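None of these values were measured; they are calculated from a predicted model. Lettering of chains follows the sequences in order, A, B, ..., and the numbering in each one begins at 1.
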Number of protein chains: 2
Amino acid sequence: MPDAAPSILRASRFFLGVKGASFDRLAHMAQVRRFARGAAIFREGQECPGVFVVGSGLVRVFKTAPSGREHVLHLVAPGGTFAEVAAIAGFETPANAEALEDTVCALLPAPAFAQALQDDHQLCLQLMGSMAAWVKHLVGLLEDIALRDATGRLARYLLSEAIEPQDVVRLPSLKKHLASHLNLTSETLSRTLRRMSDAGAIESRDDQSLVIKSRAALEQWARGEFPQI
Amino acid sequence: MPDAAPSILRASRFFLGVKGASFDRLAHMAQVRRFARGAAIFREGQECPGVFVVGSGLVRVFKTAPSGREHVLHLVAPGGTFAEVAAIAGFETPANAEALEDTVCALLPAPAFAQALQDDHQLCLQLMGSMAAWVKHLVGLLEDIALRDATGRLARYLLSEAIEPQDVVRLPSLKKHLASHLNLTSETLSRTLRRMSDAGAIESRDDQSLVIKSRAALEQWARGEFPQI
DNA sequence: ATCGCGCCTTGACCTGGATCAAGCCGCGTG
DNA sequence: CACGCGGCTTGATCCAGGTCAAGGCGCGAT
């Protein structure tokens, strides 16, 4: 995957529908940013630098409690974007972002991007859609945390990540990041995986991936029911 | 407050910046809808009828768990809007809405509204801002639920609702709605209020309102600390 | 090789808040 | 007026999941 900003933009789902002059304008303003594994991309409460588009690597976007507890809002893979909303609305970054792997991003600086939005109605409509998707995602997270227990959340996650033919799920490199994404401790995640495995609903392949043996059981758990395998 | 759709729109914060022909177009498409106290406005998973603007009354937007547990995403007062996102993006309503009081809304039907967005760049930019605000609100809720305990959430709520000179807070008509907004049971809410009151941080006026006696204490609680009054 | 350090797992315990239950009050209705 | 019902408070328990602690294992550095 080439590192140049235009090809990063081209490969992102977000800007899929943007073509011609609109696209060129964005490509022109884009800057390439590189982050080493573990590097902070921005911290909560800073002025938002702009819209980030991930070209390669992996980024987690998370909030921190005063106690030090963290909750990840989003894991951003190549092709994904983050900080769009703050960039558009011009408020401070409401969360932290950090590279989990060596990561290359394209950055569309906030002022130029805002101006492009002002000028370009098509782009504006595009963005609308993607913001709506983000809202949907957030409502999903809320629903998970407020209304589902640990097992239900994990079940829903596994179902959403399963890759069809074999129902294989690739887990994030560190389980503790998955745990905090589900608002769990890694201990609880570990125990819950084990229980699912004991129940025969899943089977761990290596520690990067597992296979779903019973979709039905997971679906019941996700619905808050109590499946007997 | 008059019930006619245009005046409802005019009074809403959401459409504040929309003027002239753009406004007239919206005003023209708007329909007035009335809901009795307790009536369902829509249920999760229905086709989204459009954007609702509250003229008078009170609406709660909430999700339901299979167990019957509810979590309210938003309490919408006069001047507020709901279902914007689903209307814009054209997906199903992701939550339920219900009138808590006799309520009058203006409804901008989804198809006409989407068309207006297509045609009207100004309107589009407007909406962008308000969606961003909604995202911010959701992130706040998530942060609350994932990162704060019962006392912290209540403290933050009280601070956000306090009306300045006297730091008076008007509570929603039913405490149980506040409870579910904070993802608590009404029992826990009751106990927490009592503890705050015992600590001298608040003083209940009648059971519709209370006064904040110590902002400092609430701020510490909201930060997850342990204030000794 | 050996050490040290993260990460994961497992066990034992603790606790915040849910659940269950009882009693009180205010209000609308027959 | 008596009655019932819904909302609020308070008390007594329960439990999911967090915290603390102890090993095990893989891996990079010495």
Side-chain angles (χ1 to χ4, degrees), chain A residues 36-38 60 65-72 98 100-102 144-155 157 171-198 202 204-210 221-222 224-226, chain B residues 36-38 58 60 65-72 98 100-101 144-155 157 171-198 202-210 221 224-226:
Chain A
R37 172 197 171 91
R60 80 182 172 122
S67 62
R69 214 170 136 54
E70 293 178 352
H71 177 69
V72 1
E98 185 181 290
L100 290 182
E101 310 292 344
D102 292 345
D144 258 18
I145 295 181
L147 303 177
R148 250 182 272 276
D149 65 6
T151 313
R153 267 174 271 167
L154 179 55
Y157 173 83
L171 301 171
S173 49
L174 273 336
K175 288 224 173 103
K176 69 170 178 170
H177 289 135
L178 174 55
S180 99
H181 180 53
L182 298 172
N183 200 40
L184 298 173
T185 57
S186 45
E187 291 96 325
T188 304
L189 173 59
S190 176
R191 283 186 246 269
T192 309
L193 278 169
R194 162 145 278 284
R195 249 175 289 122
M196 284 183 173
S197 173
D198 286 348
I202 61 173
S204 87
R205 195 134 279 237
D206 48 85
D207 49 37
Q208 290 297 326
S209 68
L210 54 80
W221 271 318
E225 297 163 21
F226 210 8
Chain B
R37 171 197 175 93
L58 189 63
R60 82 183 171 122
S67 62
R69 215 170 137 51
E70 292 178 353
H71 177 69
V72 1
E98 183 180 292
L100 290 182
E101 308 293 345
D144 258 17
I145 295 181
L147 267 21
R148 251 181 271 275
D149 65 5
T151 313
R153 267 174 272 167
L154 179 55
Y157 173 82
L171 302 172
S173 49
L174 275 334
K175 288 219 173 113
K176 68 171 177 169
H177 290 135
L178 174 55
S180 99
H181 180 54
L182 298 171
N183 200 40
L184 299 172
T185 56
S186 46
E187 291 96 324
T188 305
L189 173 60
S190 174
R191 283 186 245 270
T192 309
L193 279 169
R194 161 146 279 283
R195 249 177 287 123
M196 284 182 173
S197 174
D198 286 350
I202 61 175
E203 207 170 272
S204 85
R205 195 137 280 237
D206 49 87
D207 50 35
Q208 290 297 328
S209 68
L210 53 80
W221 271 317
E225 296 162 22
F226 209 8

Are there any protein N/O atoms within less than 3.5 Å of an N/O atom in nucleotides 20-28 of chain C, and if so, which ones and at what distance?
from	atom 1	to	atom 2	distance (Å)
C/dC20	N4	B/Glu187	OE2	3.3

Between atom [atom1] in [X] and atom [atom2] in [N], what is the gap in whole Å?
X        : N      : atom1 : atom2 : answer
B/Leu178 : D/dC8  : CG    : C1'   : 13 Å
A/Ile145 : D/dG18 : CD1   : P     : 11 Å
A/Arg194 : C/dG11 : CZ    : C1'   : 13 Å
A/Leu210 : C/dT9  : CG    : P     : 11 Å
B/Asp206 : D/dG7  : CG    : P     : 18 Å
A/His177 : C/dC8  : NE2   : P     : 9 Å
A/Asp144 : D/dG17 : CG    : P     : 13 Å

Practice problem: Could I get the full list of side chain to side chain contact (heavy atoms under 4.5 Å, CB included) partners for A/Asp206, not counting sequence neighbours? | Solution: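 A/Gln208, A/Ser209.
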Practice problem: Could you tell me which residues satisfy side chain to side chain contact (heavy atoms under 4.5 Å, CB included) with B/Lys175, sequence neighbours excluded, listed by chain and number? | Solution: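 Applying side chain to side chain contact (heavy atoms under 4.5 Å, CB included) to B/Lys175 gives B/Leu171, B/Leu189, B/Leu193, B/Asp207.
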Self-check item: Close side-chain approach of B/Arg60 to B/Glu70, heavy-atom, < 4.5 Å
Solution: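 In contact.
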Taking N or O atoms only and anything under 3.5 Å, show me the protein contacts with nucleotides 5-7 of chain C, one pair per line.
from	atom 1	to	atom 2	distance (Å)
C/dC7	OP2	A/Lys176	NZ	3.4

Measure the [atom1]-[atom2] distance between [X] and [Y] for me, rounded to the nearest 0.5 Å.
X        : Y        : atom1 : atom2 : result
B/His71  : B/Leu182 : NE2   : CG    : 8.5 Å
A/Arg194 : A/Ser204 : CZ    : OG    : 9.0 Å
B/Ser190 : B/Lys176 : OG    : NZ    : 14.5 Å
A/Leu154 : A/Leu178 : CG    : CG    : 7.0 Å
B/Asn183 : B/Ile145 : CG    : CD1   : 4.5 Å

Quiz item: B/Met196 and B/Thr151: which non-hydrogen atoms are nearest, and at how many Å?
Solution: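 Looks like CE-O, 3.6 Å.
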Quiz item: Nearest heavy-atom pair of A/Ala222 and A/Ala155: which atoms, and what distance?
Solution: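 So the two residues come closest at N-CB, 3.9 Å.
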Applying salt bridge (Lys or Arg N to Asp or Glu O under 4.0 Å), can you list everything that pairs with [X], at least two apart in sequence or on another chain?
X        : result
A/Arg37  : A/Glu101
A/Arg148 : A/Glu143, A/Asp144
B/Arg195 : none
A/Arg153 : none

Practice problem: With sequence neighbours excluded, tell me which residues meet side-chain hydrogen bond (donor to acceptor under 3.5 Å, both in side chains) with A/Thr188. | Solution: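 Once residues adjacent in sequence are excluded, the partners of A/Thr188 under the side-chain hydrogen bond (donor to acceptor under 3.5 Å, both in side chains) criterion are A/Thr185.
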Could you pull out the protein-nucleic contacts involving nucleotides 13-17 of chain C (nitrogen or oxygen on both sides, under 3.5 Å)?
from	atom 1	to	atom 2	distance (Å)
C/dG17	OP1	B/Ala150	N	2.8

Practice problem: Quantify the bending of the helix from C/dA1-D/dT30 to C/dG30-D/dC1 as the angle between its end axes, each fitted on five pairs, to 10°. | Solution: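 End axes: 30° apart.
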Do any N or O atoms of the protein come closer than 3.5 Å to N or O atoms of nucleotides 26-28 of chain D, and which pairs are they?
none

